[in-house]
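Notes to accompany the following structure.
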Amino acid sequence: MKIKKLTILILLASTAQFIVSCCDCVEPQNFEYTYDNFIARNIDNSGIDPIIAVNDSIPKEAYGIRLEFSLKQIIAQANIGFSFSPRAYAWDCFCPPDVQYLPKDTISSIVITTTNDFDNQHPKTSEVTELFKVLSQGKYITINDYTNHPGRIYYDAPVEEIVDVFLITPPEFIGEHSFKIDVTLSDSRVFSFTTKTIYLK
């Protein structure tokens with residue numbers, strides 16, 4: 001009986017040691033990335049999925065803007081947070097990817113200005129940011145809520161980040177519209193881009 005118990009204990013100890021040895025995780029190598037620039041494209045949300053507008057006019061209830069940010073990897077290793085313990089616990093045996101790309105800077109604000117008369121409350125050059133919302137993880141959130149999110153962590157060298165903003169309140173005036181977008185980063189850089197003029201019907 002004692003031999004049987006001893007055998008079981010030895011087996012349990014060997015199994016535990018094997019599991020723990022399988023959970024040895026290499027500390028991930030951290031790199032940083034930065035926002036390099038961006039462009040803005042008109043998008044049509046009248047179908048199943050939003051697409052880049054291919055026509056000169058789209059329904060005003062289906063208008064959106066796609067912000068395409070180009071990202072640049074910083075070669076120097078980042079010595080900032082997001083680290084993991086070199087050895088995971090046996091009951092939480094998860095090793096992070098070998099390489100992580102962390103944001104050096106983040107988006108502080110997105111401001112949208114109409115370049116045409118939008119409605120009686122928003123004449124030409126008025127800010128209309130509050131009329132747009134970001135589609136994030138299947139739901140619409142305010143642009144302010146979006147910019148309060150921390151930057152994304154990537155596990156492959158990042159090249160591009162896409163943000164879709166949709167016009168929740170369509171314009172009162174049918175006709176040609178375009179919008180100027182100003183993006184301010186946490187390091188005080190400002191990017192600006194004006195969409196192509198499109199007819200909202």
Side-chain angles (χ1 to χ4, degrees), residues 30-47 49-58 60 62-76 78 80 82 99-116 118 122 124-171 176-200:
N30 293 333
F31 295 92
E32 291 181 321
Y33 69 87
T34 184
Y35 289 85
D36 195 31
N37 212 328
F38 90 105
I39 61 172
R41 303 179 188 271
N42 296 317
I43 53 176
D44 183 348
N45 194 33
S46 58
D49 296 307
I51 60 171
I52 301 295
V54 294
N55 298 319
D56 295 331
S57 65
I58 62 173
K60 61 181 182 177
Y63 179 72
I65 303 172
R66 176 162 293 173
L67 310 180
E68 298 180 359
F69 294 93
S70 58
L71 305 178
K72 183 171 64 176
Q73 178 188 344
I74 298 173
I75 302 301
I80 54 177
F82 301 99
V99 175
Q100 297 179 138
Y101 297 88
L102 314 175
K104 181 178 185 294
D105 40 61
T106 56
I107 299 173
S108 296
S109 72
I110 299 173
V111 176
I112 304 175
T113 305
T114 180
T115 62
N116 304 77
F118 189 86
H122 301 91
K124 181 180 180 179
T125 71
S126 296
E127 182 183 342
V128 290
T129 309
E130 76 278 2
L131 305 182
F132 289 82
K133 287 193 174 181
V134 177
L135 182 60
S136 176
Q137 297 179 347
K139 64 179 181 180
Y140 291 100
I141 62 174
T142 66
I143 290 177
N144 185 57
D145 285 343
Y146 176 79
T147 56
N148 286 333
H149 287 180
R152 291 185 58 184
I153 300 175
Y154 291 91
Y155 301 111
D156 294 304
V159 175
E160 184 180 57
E161 185 169 303
I162 293 176
V163 180
D164 285 344
V165 297
F166 293 95
L167 184 60
I168 302 301
T169 305
E176 291 186 337
H177 290 271
S178 64
F179 300 90
K180 180 175 179 285
I181 300 96
D182 295 301
V183 176
T184 302
L185 301 178
S186 56
D187 61 2
S188 299
R189 285 182 295 155
V190 178
F191 297 147
S192 297
F193 197 94
T194 301
T195 65
K196 290 183 178 179
T197 299
I198 194 162
Y199 190 86
L200 299 183

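Counted by atom type alone, Thr142 and Asn144 present zero donor-acceptor pairs between their side chains at under 3.5 Å. Checked by atom type, the side-chain pair Asn45/Tyr63 shows no donor-acceptor distance below 3.5 Å. Ser178 and Thr195 form no side-chain donor-acceptor contact under 3.5 Å, judged by distance and modelled atom types alone. Counted by atom type alone, Thr34 and Asp105 present one or more donor-acceptor pairs between their side chains at under 3.5 Å.
Aromatic ring pairs are classed by plane angle as parallel below 30°, tilted from 30° to 60° and perpendicular above 60°; the pair Phe191 and Phe38 is tilted. Taking the six-membered ring where the residue is Trp, His177 and Phe179 present parallel rings, their angle staying beneath 30° rather than reaching 60°.
Of all heavy-atom pairs between Phe118 and Thr169, the closest is CZ-O, 3.5 Å. Considering all non-hydrogen atoms of both residues, Thr114 and Asn116 come closest at OG1-O, 2.7 Å. Closest of all the heavy-atom pairs between Glu127 and His122 is O-CD2, 3.5 Å. Nearest heavy atoms, Lys60 versus Leu200: CB-CB, 3.8 Å.
In this structure, Lys72 contributes its side chain and Asp36 its backbone to no donor-acceptor pair below 3.5 Å. With hydrogens and angles ignored, the 3.5 Å screen pairs a side-chain donor or acceptor of Asn42 with a backbone N or O of Lys196. Looking at Arg41, its side chain never comes within 3.5 Å of a backbone N or O of Glu68 through a donor-acceptor pair.
Across Asn37, Ile39, Ile107, a single residue satisfies side-chain contact (heavy atoms from CB on, under 4.5 Å) together with Phe69, and that is Ile107. Each of Glu161, Lys104, Arg189 was compared with Tyr35 under the side-chain hydrogen bond (donor to acceptor under 3.5 Å, both in side chains) criterion, and only Glu161 meets it. The only option from Tyr33, Tyr101, Phe31 that meets the ring-ring contact (aromatic ring centres under 6.0 Å, His included) definition with Tyr154 turns out to be Tyr33.
The shortest side-chain heavy-atom distance between Val134 and Val163 falls under the 4.5 Å cut-off. Counting only heavy atoms from C-beta outward, the side chains of Ile43 and Asp164 approach each other to under 4.5 Å. Between Pro50 and Arg66, the closest side-chain pair of non-hydrogen atoms falls below 4.5 Å. Within the 4.5 Å cutoff, the side chain of Leu71 has no heavy atoms near those of the Glu160 side chain.
The distance between the ring centers of Phe132 and Phe166 does not fall below 6.0 angstrom.
With rounding to the nearest 0.5 angstrom, the CG atom of Asn30 is 4.5 Å from the CG atom of Leu102. From Lys180, atom NZ reaches atom OG1 of Thr194 across 6.0 Å, with rounding to the nearest 0.5 Å. With values rounded to the nearest 0.5 angstrom, Asp182 atom CG is found 10.0 Å from Ile112 atom CD1. Note that the CG atom of Leu185 and the OG1 atom of Thr106 stand 7.5 Å from one another [nearest 0.5 Å]. In this structure, His149 NE2 and Ser136 OG are separated by 6.0 Å, a value rounded to the nearest 0.5 Å. Note that CD1 of Ile58 and OG of Ser46 are 7.0 Å apart. Values are rounded to the nearest 0.5 Å.
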Worksheet item: Between Lys133 and Lys139, does a side-chain contact (heavy atoms from CB on, under 4.5 Å) hold up when you go through it step by step?
Response: CA-CA 9 Å; Lys133 287 193 174 181; Lys139 64 179 181 180; over 6 Å; no
Discussion item. Would Ile110 and Ile181 count as a side-chain contact (heavy atoms from CB on, under 4.5 Å) here? Give the steps.
Written reply: CA-CA 7 Å; Ile110 299 173; Ile181 300 96; 3.9 Å; yes
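Heavy atoms from other residues, nucleotides or ligands lying under 6.0 Å from CG of Asp56 number 12 at most.
Evaluation of the salt bridge (Lys or Arg N to Asp or Glu O under 4.0 Å) rule for Glu176 yields no partner, not counting sequence neighbours.
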